Each structure stands twice: as structure tokens, then as C-alpha cells.
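Structure first, then comments.
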Amino acid sequence: MKSSQLFTKTLKDAPADEQAKNAQLLIRAGYVYKVMAGVYAYTPLGLKVLENIKQIVREEMEAVDGQELIMTNLQTPEPWKKTGRWSEEVVDVWFKTKLQDDSELGLAWSHEEAIMEMMRGFVKSYKDLPIKAYQFQTKLRNELRAKSGIMRGREFLMKDMYSLHATEADMDEYYDKVIDAYKKVYERLGLGGDTFVTFASGGAFTKFSHEFQTVCDAGEDILYINSDKTIAVNEEVLEDATKEIGVNRDELTSTKSAEVGNIFKFGTEKSEQMDIYYTAEDGTQKPIYLASYGIGITRVMGVIAEKFADDKGLIWPESIAPFQVYLVQIGDTFEQAEALYEKLSNSGVTVLWDDRDVRPGEKFADAELIGLPHRIVVSEKLEGQVEYSSRTDSEKEVLTVEALLAKLGN
RNA sequence: CGGGGUGUGGCGCAGUUGAUAGCGCGCUCGGUUUGGGACCGAGAGGUCGAAGGUUUGAGUCCUUUCACCCCGACCA
């Protein structure tokens, strides 16, 4: 894509009403547009990042037999009334509205009840289980206070998967498989080394649920980690968890972290509350075991923006960058740039070609702000060769086009 | 929801003791430039978050209200 075709413009100054680093950089570079507190639009560059994150998550969910679907944002109250979660005392983030005939609706903040209601008609027999279904959906939550840019919004994109099982053992086994799948996701997102599976507070029916916490200064949680990084505990449950696993609190060091995933065993609670049963092999009616698995897609994007940025701008991991290469065209080199653009595109390398009629300094500054992994310069000075540098290492090398292609792995 | 702060062109800001708005960036046109956000000249663009009030006169004072940011509480 050519830079001249992007409708977004980069900004030298961040808006004064944003403090969070992720929001400042994402707005300055043209990835997001703020509509109101906690509500952001994703412009073409930002959408590409989201789609790349989604694709990684999608592949790993498919690898554990997840089936993708999409549920609705408008929800009927009945299923939520059965589980008690329509009550604003129980769930205080509901956006509620009404149809013209005055009947009530809720705007989706989660989908456990919704998917169970849907499954009522599909799960009749033990032969129908297990079921693993996931979606990417916009969640709407009327948070008292939105903050930290796109890391805690009132409208955000989430991957939520639900698994339904005939037995607890089957649920437990699958739950552990999803933990491994999640680890692969964070690994591929470049967060592997800094992301921990932690004990977290859960409902009465599971002593602990698990969170995936990524070390991040902008996070809202405090994580306690041991020296060889094999144990990480959320401060919320520090007392109980240290007792449970028998570690001494003094052996743990604390760090700020952001919750990038949350998995949860509901067990048969929803099934029983909603009166949804399957027929077992022996002909009896039995409740369904439910577990849910969330990853905040937009939050992950915010965490990555925060963690990897430097004083010049964003730094995207190769796996989710909107384009692989920022092509800086200097001087009267349009045809050379075009040929290189074609060549790279044909070999599967995505390129943002800065074809604008602006001075080189501005292009270099924008290359850094936008944060693509690789920068290539085409200039008359280079006499047909190209200059390569990576976003994380300012050392430049002059290469032939062939050598460049080899370097980019083609 | 409690506390603190801020709202002036797209963005960042200035407007002293009240006299109907100014700077930088960006934008348009012309020219000179062209490897690290150039320079010269000429322009366009705001009624000062909103409503009400005081006053001959309000961006500046008063009241109400809305929005945004930060801290806290909350986050099933």
C-alpha cells in the first residue's frame, strides 16, 4: 500500500487528553481514533494489526478444535435472569435498552448465558458433547471509569471460547489443552517470555480460575513472581495461593502486569441454573459442564504497543505488524521504488511504500513512529542498491535487491 | 461513585487588572529546496465545551451543566 492512500495522518504531538502511552502512540501514528472515553475506532492500519492478532488466535483455537461462530450484541434478558446475572447488583457493567414495544434488551458484555441458551436446542445427548465454540466479538461494558487507552475500554474486541462437556474430567482435560494453546498464542504475539499463567480469584465453585498476565508498566494488576519464573501469583489471591502451593512470599518479587487472558471453569452451574440437561448413556438427565476462555484482542494490542515502544514510536513484532516493510522513497526514484514494491509484494512481503512528496526526514520519522519491523530506503545515492535497517537496530546496510530478498527470507 | 485537574481552529498552546481572539504545527497557492520532521511570500480556518446570568461591554466574573484526563473504589 502507498502512504499517499492512507487517509490517516501522523501527528507530531499527542492529544492532551490522552495520558496512556499506547493511546498517544496509536493516535499519533494513525492506528486508532478516539470517539469518547474508552471507545476507539480502528483505522486501516489499526485494523490490520487487529486482524493479524485475530488470525494467530484463530489458528490456535482451531488447533484445539474450536469452531468459530458469532453471537449477537443484542441479548434477551431471560437467560441472564435465570442465572441471576441480569441484576445490576451482580453485574454492574450492563448497558440496557428497550425495544419499541418496551421489552428489555441487554447489550452483550459477555456470552456464557447466550451460548448456553443457544446450545439448549443442540445438545440433547452425550453424543453431542463435547462442543468447543469461539467468536471474536465486540463486548460492551459500562465501566465506571475507562482508562489506559485501548487497554480498558467500554467497547472492545474479545475472543471468547466456550467448551461444553459431559463430564468434569473431560472439561479439565480440555481446559489444560487450552492453557497450552494460549501459551502458543502469546508466544507468537511476542509476549511469551513476559506472560505468566497465574492463579486468580474465581467464583465459589472453582477455587481458582487462571489468568494470563503480561508484565507491563501500564497494567492494573500486581504480579508476584519467583526467581526462576515458574510461579506467578496475582496480588488479589496472594494469601490463599501462596498457602495453597506452599511458597514463601519473601521469595517472590512484585511487578505490574496486565491481564491478557482469563479462563474459567463454570462447571455445571449455568446448566443447572438454566435448566439445560443432556441425556446420558444410561438414559438419565445430566447437567453440562461449561468452561470459558477469553482473550482481549484490543487489550493485547495495547499491551504490545506499550511494551515495545521506544521514544521514537511504536515497534510491532513481525507477527502482527500491519506491514512488514516501510519503503522510504527518496528523490526521483519512483520507478525504482515501484519495481521494488512489486518484487516484494510478489514474493509475499507486505510493504507500506512512502511515496509522499515530503522531505526524507519526515519519512524517516514516520517510519519510526509507525513502527514496522523493516525499513528500506531507495535513493539516487545508492545507485541501484537499497539500504536496509530494522526498527530495533539502527545499523544500516546497503544491499542489492537480491540480497535484500534473501534477507527478508524469500 | 469520592478526590484532583483540564476544556480557546484538525493537533499543541498563549490570552495580564473584563473592551467582540493570537502563536507554533498542520492545511491551500506560488517559489526556492530535497538523506533526519526545510525556507520565503501570500492565504483559508475558531465566537473561546454548552446553557443561563452580571455588565455599556465577557475567552476573562457568577451559576448550572456536559465532556475529557489522573488517583482511589469497582472490574463477577
Side-chain angles (χ1 to χ4, degrees), chain A residues 3 7-21 23-24 27-30 33-40 80 83-94 109-113 139-149 151-154 156 158 200-206 208-209 211 218-222 234-237 258-259 262 264-266 269-270 273 292 294 296 299 312-313 326-334 354 356-370 375-383 385-387 389 394 396 398:
Chain A
S3 294
F7 68 78
T8 51
K9 307 274 184 259
T10 54
L11 291 173
K12 281 187 189 173
D13 301 307
D17 73 349
E18 288 287 5
Q19 291 292 309
K21 183 164 65 170
Q24 289 192 344
I27 290 171
R28 283 185 54 210
Y33 169 80
K34 182 183 200 167
V35 175
M36 64 181 98
V39 180
Y40 295 84
W80 298 92
T83 64
R85 295 210 290 181
W86 184 251
S87 159
E88 318 219 343
E89 270 133 49
V90 178
V91 175
D92 63 2
V93 294
W94 271 117
W109 63 276
S110 188
H111 286 84
E112 285 90 3
E113 277 75 346
K139 305 293 183 193
L140 301 165
R141 294 187 185 180
N142 199 352
E143 298 278 358
L144 222 42
R145 181 184 163 205
K147 60 178 202 172
S148 307
M151 291 174 63
R152 173 112 182 243
R154 296 198 165 93
F156 59 95
M158 185 170 181
S201 56
F205 42 88
T206 53
F208 298 112
S209 66
E211 289 177 343
E220 299 180 61
D221 292 304
I222 308 284
N234 193 319
E235 188 176 49
E236 288 172 4
V237 294
E259 182 192 320
N262 190 347
F264 206 90
K265 292 176 189 174
F266 282 90
E269 186 196 37
K270 296 290 167 205
Q273 288 171 331
S292 74
R299 175 179 286 182
K312 292 181 174 154
Y326 195 100
L327 175 58
V328 179
Q329 171 202 334
I330 296 177
D332 187 17
T333 57
F334 181 89
D354 195 340
R356 297 172 302 165
D357 183 24
V358 297
R359 293 167 66 88
E362 197 170 336
K363 297 191 181 192
F364 292 139
D366 280 348
E368 281 148 354
L369 178 59
I370 289 171
R375 188 186 85 181
I376 296 171
V377 179
V378 170
S379 158
E380 287 160 318
K381 261 173 65 172
L382 298 165
E383 297 171 347
Q385 301 203 87
V386 297
E387 177 191 285
S389 59
S394 57
K396 302 166 191 165
V398 177

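No experiment lies behind these values; they were computed from the predicted model shown. Letters go in sequence order (proteins before strands), and every chain restarts at 1.
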- prompt: Considering only B/G26, B/C69, B/G35, which nucleotide approaches the side chain of A/Lys12 most closely?
  reply: B/G26
query: Looking at B/G35, does its base get a donor-acceptor pair with the side chain of A/Glu387 below 3.5 Å?
result: yes
query: Who pairs with A/Ala367 by side-chain contact (heavy atoms from CB on, under 4.5 Å), at least two apart in sequence or on another chain?
result: A/Tyr326, A/Arg375
- prompt: side chain to side chain donor-acceptor pair (under 3.5 Å) with A/Lys34: which residues, sequence neighbours excluded?
  reply: A/Glu18
- line: Against the side chain of A/Ser379, the closest entry in B/C75, B/C70, B/G35 is B/G35
message: Test of understanding: with side-chain contact (heavy atoms from CB on, under 4.5 Å), list the residues that count as partners of A/Ala365, not counting sequence neighbours.
response: none
message: Determine whether A/Ser110 and A/Trp80 satisfy the following criterion, side chain to side chain contact (heavy atoms under 4.5 Å, CB included), listing intermediate values before the conclusion.
response: CA-CA 11 Å; A/Ser110 188; A/Trp80 298 92; 4.3 Å; yes
field: Pair of N/O donor and acceptor under 3.5 Å linking B/G36 base with A/Arg375 side chain
entry: yes
message: Any base atoms under 4.0 Å from A/Asp92, or only sugar-phosphate, or nothing? Heavy atoms, all strands.
response: sugar-phosphate
task: State which residues pass side chain to side chain donor-acceptor pair (under 3.5 Å) with A/Arg28; sequence neighbours excluded, sorted by chain then number.
output: none
query: For B/A42, which nucleotide is its Watson-Crick or G-U wobble mate, given both distances must be under 3.5 Å?
result: B/U28
Provide a list of protein-nucleic acid N or O atom pairs under 3.5 angstrom, restricted to nucleotides 45-48 of chain B.
none

query: Say you pick atom C1' in B/A67 and the same atom in B/G31; how far apart are they, in whole Å?
result: 45 Å
- prompt: Nearest to the side chain of A/Leu382, which nucleotide is it out of B/G35, B/C13, B/C69?
  reply: B/G35
message: Taking B/C75 as the reference, what is the distance to B/G5 when you measure between their P atoms (whole Å, please)?
response: 28 Å
query: With a 4.0 Å cut-off on heavy atoms, is A/Leu369 in touch with a base, just the backbone sugar-phosphate, or nothing at all?
result: nothing
task: Please determine if a side-chain N or O atom of A/Lys396 lies less than 4.0 Å away from the OP1 or OP2 oxygen of B/G35.
output: no
field: Proximity to the side chain of A/Asp17 - top-ranked nucleotide from B/G37, B/C74, B/C68
entry: B/C68
- prompt: What integer number of Å spans the C1' atoms of B/G18 and B/G57?
  reply: 8 Å
query: Is A/Arg145 touching bases, backbone alone, or none of the nucleic acid, heavy atoms closer than 4.0 Å?
result: base
task: Counting heavy atoms from C-beta on, name the nucleotide in B/C74, B/C69, B/G35 closest to the side chain of A/Lys381.
output: B/G35
- request: Side-chain contact test, heavy atoms from C-beta onward, threshold under 4.5 Å: evaluate it for A/Asp221 versus A/Glu236 and give yes or no.
  value: yes
From B/G35, B/A73, B/C11, nucleotide with atom closest to A/Pro360 side chain: B/G35
message: At under 4.0 Å between heavy atoms, how does the protein contact nucleotides 3-10 of chain B? Give one character per nucleotide, 5' to 3', with B, S or -.
response: --------
field: Distance between C1' atoms of B/G45 and B/A51 (Å, rounded)
entry: 26 Å
- prompt: Taking only N and O in the side chain of A/Arg359, is any of them less than 4.0 Å away from OP1 or OP2 of B/A38?
  reply: yes
- request: Under 4.0 Å between any heavy atoms, over every strand shown, what does A/Glu368 touch: base, sugar-phosphate, or nothing? Just pick one.
  value: base
